[in-house]
Amino acid sequence: MHTMIRWINRLTQNGKFHPMWIVLAVTGVLIVAAIVLVPARYEGSKEPRQNVAATPRQLPAANLPEPDSGQHDLMQTPHGVQPVHFTPPSERDMPSGELGDMIKLGRNIFEHTQIYAKGLVGNGLNCVNCHLDAGRKADSAPLWAAYVMFPAYRSKNHKVNSFEDRLAGCFRFSMNGTAPEYNSKEMIALTSYSYWLAKGAPTGVELAGRGYPEPGNPPLPPDAQRGAAVFQANCAICHGADGQGSKVNGQYAFPPLWGNDSYNAGAGMHSVKNAAAFIKANMPLGKGNSLSLQESWDVAQFVNSHDRPADPRVK
Ligand code: HEC
Ligand code: HEC
């Protein structure tokens, strides 16, 4: 560097060379580089997207799962549709101040509903029991993917639902409780938390990981008796042989799957298809996608064949 400056000084002192020439030369090189490199990078960024779509069809037949083994790629999107991937912000990037406090309250209500919204809950569950990892986990109906898809028409109640309506639905059915008032602290907190988790996501776009992956039909009609065996082998260790879960210090550490403290008969999880989809992707906890499609449907049928609180819409 030092030698170069001395050399430039010598040239300019000789009067043969004006420093402006160097500036012009460098600018010229940069312009040429930009013209050559930028289109190349643009092409490069298109490459992987095309590969995502092409990969499944290029897999050698030997690597494809056995048909009907239940190991299908559940996240397959219809041909030609590119899934949009999104990662929610990390906990340590939560803002401070009043909005930050509201977001934190929302997270607390979501994770510890029994403590932070006790009066609104009619069973032993917390929101996080079905929306894993504080509502972050893809394929377990994550909040960030839901937030950007409302308002939306729902056939369940034949109207266009606001996001608050959707939250209210889970209070009424999944939590067998009462929906918070729409301008209550609880509702604003849960909305703020969901809004923050969706920060940077496009609105109105179905994000990869929304809801549960479509499970597909099982090879045989679901059967509760086969499901009982799946349950004893894979679920009873945590949820109890009687499906009632277990408590630590008065709170469920393992949530009940049926009975008075579980979701009611109007809940989304009471549809065998929804339960099969949730179980396939998420249970046994930490070993999602280890059950076959048939096992998931059978155990879902078994779980939902037990008594639970009635659907509040049925008089
Ligand atoms: C017993 C399990 C269960 C519990 C507990 C539960 N939910 Fe849900 N939730 C579901 C199911 C099932 C769906 C429907 C998923 C689907 O359609 O793919 C759902 C859907 C949602 C959605 C919409 C997801 C989407 O992508 O459209 C939101 C938001 C939501 N729940 C919030 C909550 C909140 C807030 C609580 C606690 C007050 C809660 N849930 C408790 C099972 C549960
Ligand atoms: C290693 C322990 C463990 C095993 C094994 C396990 N679960 Fe779970 N399960 C949990 C926990 C813990 C939760 C709540 C998750 C949370 O709050 O983060 C849960 C949640 C659930 C829920 C939603 C909440 C509810 O109470 O309805 C269902 C349904 C469920 N499990 C079904 C099953 C089924 C069916 C199996 C067997 C195929 C199974 N689980 C195996 C620990 C387990």
Side-chain angles (χ1 to χ4, degrees), residues 106 109-114 116-117 120-121 123-137 139-150 152 154 156 161 163-180 186-187 189-191 193-194 197-198 206-207 209-215 227 230-240 243-246 251-259 261-264 267-271 273-288 290-291 295-296 298-304 308:
I109 295 172
F110 199 80
E111 283 194 278
H112 311 288
T113 326
Q114 295 291 328
Y116 289 89
L120 300 166
V121 178
N123 60 19
L125 301 184
N126 297 297
C127 307
V128 68
N129 292 158
C130 302
H131 302 272
L132 305 187
D133 195 11
R136 291 171 169 274
K137 190 182 169 295
D139 300 342
S140 77
L143 289 176
W144 42 265
Y147 184 80
V148 298
M149 293 307 282
F150 284 87
R154 289 189 74 211
K156 185 164 181 167
N161 286 221
F163 188 68
E164 286 86 346
D165 290 330
R166 190 63 193 86
L167 296 174
C170 266
F171 271 97
R172 190 158 173 231
F173 303 107
S174 300
M175 308 297 282
N176 193 36
T178 321
E186 289 84 1
M187 198 57 111
L190 284 167
T191 309
Y193 178 51
S194 308
L197 282 176
E206 187 92 28
L207 298 170
R210 184 180 181 209
Y212 311 131
E214 171 63 48
V230 177
F231 182 84
Q232 291 312 327
N234 299 282
C235 322
I237 188 168
C238 292
H239 293 285
Q244 294 312 290
S246 59
Q251 299 286 328
Y252 282 105
F254 296 110
L257 303 186
W258 58 83
D261 268 354
S262 190
Y263 53 89
N264 70 37
M269 198 62 91
H270 196 240
S271 122
K273 185 183 180 186
N274 269 349
F278 169 82
I279 292 165
K280 176 88 182 80
N282 300 291
M283 290 292 145
L285 192 70
K287 287 194 281 181
S290 62
L291 298 183
E295 288 170 326
S296 305
D298 288 347
V299 79
Q301 179 79 35
F302 171 71
V303 164
N304 280 336
R308 57 181 65 259

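We number each residue from 1, following the sequence as shown. Ligands are counted one by one from 1 in listed order, and the atoms in each one are counted from 1 as well. Values below: every heavy atom of this structure, side chains too, minus hydrogens, waters and symmetry copies.
- Here is the list of ligand 2 atoms found below 4.0 Å of a heavy atom in Leu125: 26 (O).
- Among protein heavy atoms, the minimum distance from atom 11 (C) of ligand 1 is reached at Tyr212 OH, 3.5 Å.
- Among Pro255, Ala275, Gly227, Ser262, the residue whose heavy atom lies closest to atom 14 (C) of ligand 2 is Pro255.
- Only the side chain of Leu291 comes within 4.0 Å of ligand 2, counting heavy atoms alone; its backbone N, CA, C and O stay farther away.
- Residues Thr191 and Phe163 are in side-chain contact: their nearest non-hydrogen atoms beyond the backbone lie under 4.5 Å apart.
- Side-chain contact between Pro142 and Arg136: absent, with no pair of heavy atoms (C-beta onward) separated by less than 4.5 Å.
- Regarding atom 34 (C) of ligand 2, its nearest protein heavy-atom neighbour is Cys235 SG, 3.4 Å.
- Contacts of Ile109 with ligand 1, taken as heavy-atom pairs under 4.0 Å, are absent altogether.
- Residues Leu120 and Phe171 meet the side-chain proximity criterion, which asks for heavy atoms closer than 4.5 Å.
- Evaluation of the side-chain contact (heavy atoms from CB on, under 4.5 Å) rule for Phe173 yields Lys156, Asn264, Ala267, Asp311, Pro312, Arg313 as partners, not counting sequence neighbours.
- For atom 5 (C) of ligand 2, the closest non-hydrogen atom of the protein is Asn234 O, 3.2 Å.
- Ion pair Lys273/Glu214 flagged as a salt bridge, since at least one NZ, NE, NH1 or NH2 atom sits closer than 4.0 Å to an Asp/Glu carboxylate oxygen.
- Residues Cys130 and Met269 form a side-chain contact, since some pair of their non-hydrogen atoms from C-beta on lies under 4.5 Å apart.
- Contacts of Glu295 with ligand 2, taken as heavy-atom pairs under 4.0 Å, are absent altogether.
- Scanning the protein heavy atoms around atom 22 (C) of ligand 2, the nearest turns out to be Phe278 CE2, 3.4 Å.
- Within the 6.0 Å centre-distance limit, the rings of Phe231 and Trp258 are counted as a close aromatic pair.
- No more than 12 heavy-atom neighbours from other residues, nucleotides or ligands sit within 6.0 angstrom of OH on Tyr116.
- Here CG of Asn126 is found 12.5 Å from OG of Ser174. Values are rounded to the nearest 0.5 Å.
- Legend: protein N/O/S atoms lying under 2.8 Å from atom 8 (Fe) of ligand 1, waters omitted, number 2.
- Leu291 and Lys280 make their closest contact through O-NZ, 2.9 Å (heavy atoms, listed as atom of the first residue, atom of the second, distance).
- With a 4.5 Å cut-off on side-chain heavy atoms, Arg172 and Thr178 do not count as touching.
- Proximity of Leu285 to ligand 2, defined as any heavy-atom pair under 4.0 Å, is shared by backbone and side chain alike.
- Looking at Pro256 against ligand 2, only its backbone comes within 4.0 Å, counting heavy atoms.
- Residue-level proximity to ligand 1 for Met149 is absent, since no heavy atom of it falls below 4.0 angstrom.
- With respect to atom 26 (O) of ligand 1, the closest heavy atom belonging to the protein is Arg210 NE, 2.8 Å.
- In terms of protein heavy-atom proximity, atom 41 (C) of ligand 2 is closest to Pro284 CA, 3.5 Å.
- Within ligand 2, counting atoms from 1 as listed, the ones closer than 4.0 Å to a heavy atom of Val128 are 16 (C), 17 (O), 18 (O).
- Side-chain contact between Asp133 and Ser140: absent, with no pair of heavy atoms (C-beta onward) separated by less than 4.5 Å.
- The shortest contact between atom 19 (C) of ligand 1 and any protein heavy atom is with Arg166 NH2, 3.4 Å.
- Under a 4.0 angstrom heavy-atom cut-off, Tyr147 registers as lying outside contact with ligand 1.
- Note that CG of Asn129 is 9.5 Å distant from OG of Ser262, once rounded to the nearest 0.5 Å.
- Counting only heavy atoms from C-beta outward, the side chains of Pro215 and Ser296 never approach each other to under 4.5 Å.
- Distances from ligand 2 to the non-hydrogen atoms of Tyr252 include no value under 4.0 Å.
- Contact annotation for Asn129 and ligand 1: no heavy atom of the residue comes within less than 4.0 Å of the ligand.
- The Phe110 neighbourhood of ligand 1 comprises atoms 34 (C), 35 (C), with distances under 4.0 Å to a heavy atom of that residue.
- The contact set between ligand 1 and Gly211, taken as ligand atoms under 4.0 Å from a residue heavy atom, comprises 18 (O).
- Leu132 CD2, 3.5 Å is the protein heavy atom nearest to atom 15 (C) of ligand 2.
- Rounding to the nearest 0.5 angstrom, the gap separating the CD atom in Glu295 from the CG atom in Asn234 is 6.5 Å.
- Atoms of ligand 1 lying under 4.0 Å from at least one heavy atom of Asn126, given by number and element, are 5 (C).
- No donor-acceptor contact under 3.5 angstrom links the side chains of Asn123 and Tyr252, judged on distance only.
- With respect to atom 2 (C) of ligand 2, the closest heavy atom belonging to the protein is Cys238 SG, 1.9 Å.
- None of the N, O or S atoms belonging to Asn282 lies under 2.8 Å away from atom 8 (Fe) of ligand 2.
- Nearest heavy-atom pair across Ala275 and Asn304 is CB-ND2, 3.7 Å.
- Cation-pi check for Arg166 over Phe150 is not met; the charged atom does not lie both under 6.0 angstrom from the ring centroid and within 45 degrees of its normal.
- Shown in contact with Phe254 at under 4.0 Å from a heavy atom are these atoms of ligand 2, numbered in order with element: 2 (C), 12 (C), 42 (C).
- Taking atom 31 (N) of ligand 2 as the reference point, the nearest protein heavy-atom neighbour is His239 NE2, 2.9 Å.
- Looking only at side-chain heavy atoms (C-beta outward), Val230 and Phe302 stay at 4.5 Å or farther from each other.
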Under the criterion side chain to side chain contact (heavy atoms under 4.5 Å, CB included), I'd like the reasoning laid out for Leu143 against Tyr193: C-alpha separation, chi angles, the key distance, then a yes or no. CA-CA 9 Å; Leu143 289 176; Tyr193 178 51; 3.7 Å; yes

Practice problem: List the steps, then state whether side chain to side chain contact (heavy atoms under 4.5 Å, CB included) holds for Val303 with Arg308. | Solution: CA-CA 10 Å; Val303 164; Arg308 57 181 65 259; 4.0 Å; yes

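- Closest to atom 20 (C) of ligand 2 among all protein heavy atoms lies Met283 CE, 3.3 Å.
- Nearest-residue assignment for atom 25 (C) of ligand 1 (options Ser140, Ala146, Ala117; heavy-atom criterion): Ala146.
- Atom 17 (O) of ligand 1 is not flagged as protein-proximal [any protein heavy atom, distance under 4.0 Å].
- Residue contact check: Tyr263 has heavy atoms under 4.0 Å from atoms 27 (O) of ligand 2.
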